[in-house]
Protein chains: 2
Amino acid sequence: MPDITIYEIAEEAGVSASTVSRVINGYPYIKKSTRNKVMKVLESRHFVPNESARDLVNRSTRMIGILIADIRTAHNSDGIFYVEQEFRKHGYSCLICNTGYEMADTVSYIQKLSQRKVEAVVLLGSIYQTHEVEEAIATYIPKTPVAIVSGSLQGDNVYGIMSNEKLGVMECVRFLVEKKRSCIAFGINHSSPLNLIKKEGYLEGMAKYAAASSPLVFETGKGVELMKESIAYFVKEHPEVDAYIFSEDFMGMIALQLFSEMGMAVPDQVSVIGINNSNFSKVSIPPMTTLDTKLYDTCQIAVHCLLDAIEGEHVSKLISIFTEIVERETT
Amino acid sequence: MPDITIYEIAEEAGVSASTVSRVINGYPYIKKSTRNKVMKVLESRHFVPNESARDLVNRSTRMIGILIADIRTAHNSDGIFYVEQEFRKHGYSCLICNTGYEMADTVSYIQKLSQRKVEAVVLLGSIYQTHEVEEAIATYIPKTPVAIVSGSLQGDNVYGIMSNEKLGVMECVRFLVEKKRSCIAFGINHSSPLNLIKKEGYLEGMAKYAAASSPLVFETGKGVELMKESIAYFVKEHPEVDAYIFSEDFMGMIALQLFSEMGMAVPDQVSVIGINNSNFSKVSIPPMTTLDTKLYDTCQIAVHCLLDAIEGEHVSKLISIFTEIVERETT
DNA sequence: TTGTATGCGTTATCAA
DNA sequence: TTGATAACGCATACAA
């Protein structure tokens, strides 16, 4: 497309291109009359500067890359929202990459972000805590500040921000024990690093607060149907269980549906605790007790780490904040 | 950052910059030996071309803009997923803009996309069906193909893709009437153009299939608490209602929670139909009957319209596909 | 098959 | 206060 340039504006306004550039960028020492003249032409022609050209000469794009495995999961889209919102306040645009779960694809996304010269990248999710990603960062964006939310990674330019979910899950166990639950099980939908941490929390919590009973962990795989089947199977195999902690609210939802169908009363016969304090936990029947993992806060911190790092300021490499149990009616 | 350029590669490989450029772009007439020589240097230095420079000279960015009001709502993140996935298959990256509900902000996003020289834009949601947006398109991106899914808009370069939700909701009414429901109400959470269309469908459906009873429509406002309050209020005012159609599954979830708390049996005492066939409708108690509005298909069509338009091919300006009722256990 | 020269649209340096 | 002119990193027409 024969796009309009500052030269055409310059010609029409009877000045040089540099003058046009100056008024666009708010350079102060310009005669008021010429500024007005140029402004008028700018507006009448709906001029918008070409960002590619600007980026090239300014050597800065004011773009941020955000990586998530699947934008459709609530926790991820919430995270994007918080990160994008905060960056936008500071004048940055976000390039969002839905990488899927294959690390090879993730690596190629990191390459792409490097081509696009993003000024920072946010990795949303512990699944990025892998050697491949670490290497990709080291080879393609060794100087670009990177934050990983819910995880940690080696590298001078990478920052890890997480909430203490291990401790959080331990507290969930304690909470349940205090509610007189005697047999507590733990379910995850896949073995992400974060889920493994939660599992550790469960295990240590059991050892600490329910040493008498032996821990029960199961994994379901992803997808509504698969989760439901696996949970159903586990429930039948373990009728003695009177409390469940699930690695995600959504699993809790499915369990609640299942219990309802089986005629098991919640929380009288069985308690449920989810994780993340998502919308799901608010609209479930009954409303679900959940571990708030403070996504908003971690995202906020991640953005500010990155902003500082872009400015060249020193920031700490690893930050952890506290989780909080939100008690509702499934416990 | 002193990024590495093709000139440094050229020097190290003992050739000219143009030769380097040629091997990068797969230009055929190059001696195998020099190609290999250059390739080797390219890889050893982890060279990645500067996209800003490429865009500038190629006059094309292979970037697509996607606008949504709030990425956190499931329907929106699903839409982004489908659109992004399909565009990526064709080598495009997506710049995702979370505009919020203010049209002034949307307009400034459209300006930004124009600066970034995106090659097409996707408007996800009927809320963009406004005069401001129409004007912004006409003045800032009059030559850029634009698709609006779930809506329509004037403009030579804009395409509207939607499913026939009016007819769909009419069918919902009929469906309920056939289930011997005698008093059917309709709830929306805000007055988007699409929700108004659904309302029309409800009204026409009532006129056609339930002429004896008078239609009952109410609006709740957004947010979990607000929705719940408003629904509760309406339910108390209208004990005669024995079936609800909600403009979104999420509203249905909240209603289901409310009915459970009130001891109203679903579907025996009251039926519920949601819209969109989202995950919510699958995990509700009981699983929710819903109108599938075929988001995947509309997104797919939108992308291919745009792809064709980018190629300069003629495509039809307005496309509508059919919805489908997914019967589960709330009816 | 390869190198030289030029331009893409903008900003920055230097003079005037 | 303003205007030439030279980059920015890459791709291509033209020459060789």
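Just so it is clear: chains get the letters A, B, ... in the order the sequence lines come, proteins before strands, and each one is counted from 1. Here the structure is a predicted model, which is why all the values come from computation and not from measurement.
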(message) Heavy atoms only, 4.0 Å cut-off, all strands: where does B:Thr19 land among base, sugar-phosphate and nothing?
(response) sugar-phosphate
(message) Within the 4.0 Å heavy-atom criterion, would you say B:Val15 contacts the bases, only the backbone, or no part of the nucleic acid?
(response) sugar-phosphate
Flag yes if more than 12 heavy atoms outside [X] fall under 6.0 Å of its [atom1] atom; otherwise flag no.
X: B:Glu102; atom1: CD; answer: no
X: A:Asn25; atom1: CG; answer: yes
X: B:Glu11; atom1: CD; answer: no
X: B:Tyr296; atom1: OH; answer: no

How long is the span from the [atom1] atom in [X] to the [atom2] atom in [Y], to the nearest 0.5 Å?
X: A:Arg88; Y: A:Glu86; atom1: CZ; atom2: CD; result: 10.0 Å
X: B:Thr298; Y: B:Lys294; atom1: OG1; atom2: NZ; result: 10.5 Å
X: A:Ile71; Y: A:Ile80; atom1: CD1; atom2: CD1; result: 4.0 Å
X: B:Met162; Y: B:Thr293; atom1: CE; atom2: OG1; result: 13.0 Å

(message) Between A:Thr73 and A:Asn76, is there a side-chain donor-acceptor contact under 3.5 Å, judged purely by atom types and distance?
(response) yes
Could I get a table of every N or O pair under 3.5 Å where one atom is in the protein and the other is in nucleotides 13-16 of chain D?
from: D:dA13; atom 1: N6; to: B:Arg22; atom 2: NH2; distance (Å): 3.1

(message) Any non-hydrogen side-chain atom of A:Arg35 less than 4.5 Å from a side-chain atom of A:Val38?
(response)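 No; the side chains remain at least 4.5 Å from each other.
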Ignoring hydrogens and angles, tell me if any N or O in the side chain of [X] forms a donor-acceptor pair with the backbone of [Y] under 3.5 Å.
X: A:Glu84; Y: B:Cys97; answer: no
X: A:Thr99; Y: A:Ile68; answer: yes
X: A:Asn50; Y: B:Leu56; answer: no
X: B:Lys317; Y: B:Gln154; answer: no

Minimum heavy-atom separation for [X] and [Y], please, with both atom names.
X: B:Gln115; Y: A:Arg54; value: NE2-NH1, 4.0 Å
X: A:Ser93; Y: B:Lys112; value: OG-CD, 3.9 Å
X: A:Leu124; Y: A:Cys299; value: CD2-SG, 4.3 Å

Within this structure, what is the [atom1]-to-[atom2] distance between [X] and [N], rounded to whole angstrom?
X: A:Glu11; N: C:dG9; atom1: CD; atom2: P; answer: 14 Å
X: A:Glu8; N: C:dG9; atom1: CD; atom2: C1'; answer: 11 Å
X: B:Arg54; N: C:dG9; atom1: CZ; atom2: C1'; answer: 19 Å
X: A:Ile24; N: C:dG9; atom1: CD1; atom2: C1'; answer: 10 Å
X: B:Ile9; N: C:dT2; atom1: CD1; atom2: P; answer: 17 Å

(message) By the definition ring pair (Phe, Tyr, Trp, His ring centres under 6.0 Å), identify the one residue from B:Tyr82, B:Phe81, B:Tyr92 that meets it with B:Phe87.
(response)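 It is B:Tyr92; the other options fail the test.
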(request) Assign each of A:Pro49 and B:Gly14 to its nearest nucleotide of DNA chain C by heavy atoms, then name whichever residue's nucleotide is nearer the 5' end. (result)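 Mapping each residue to its closest nucleotide by heavy atoms, the 5'-most match is B:Gly14.
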(message) At a heavy-atom distance below 4.0 Å, what parts of residues 107-115 of chain B sit against DNA chain C?
(response)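 Under 4.0 Å from DNA chain C: no residue of residues 107-115 of chain B.
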(message) Quick check on the helix from C:dT1-D:dA16 to C:dA16-D:dT1: what's the angle between its two end axes, five base pairs per end, to the nearest 10°?
(response) 40°
(request) Using heavy atoms and a sub-4.0 Å distance, could you list which residues of residues 25-32 of chain B are near DNA chain D? By number, please. (result)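 Nucleic-acid contacts, sorted: B:Asn25.
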(request) Please list residues of residues 34-44 of chain B whose heavy atoms come under 4.0 Å from any atom in DNA chain D, ordered by number; otherwise none. (result)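 Within this stretch, nothing sits under 4.0 Å of the strand.
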Below 3.5 Å between N/O atoms, which protein atoms pair up with nucleotides 6-8 of chain D? Just atom names and distances, please.
from: D:dC8; atom 1: O3'; to: A:Arg59; atom 2: NH2; distance (Å): 3.2

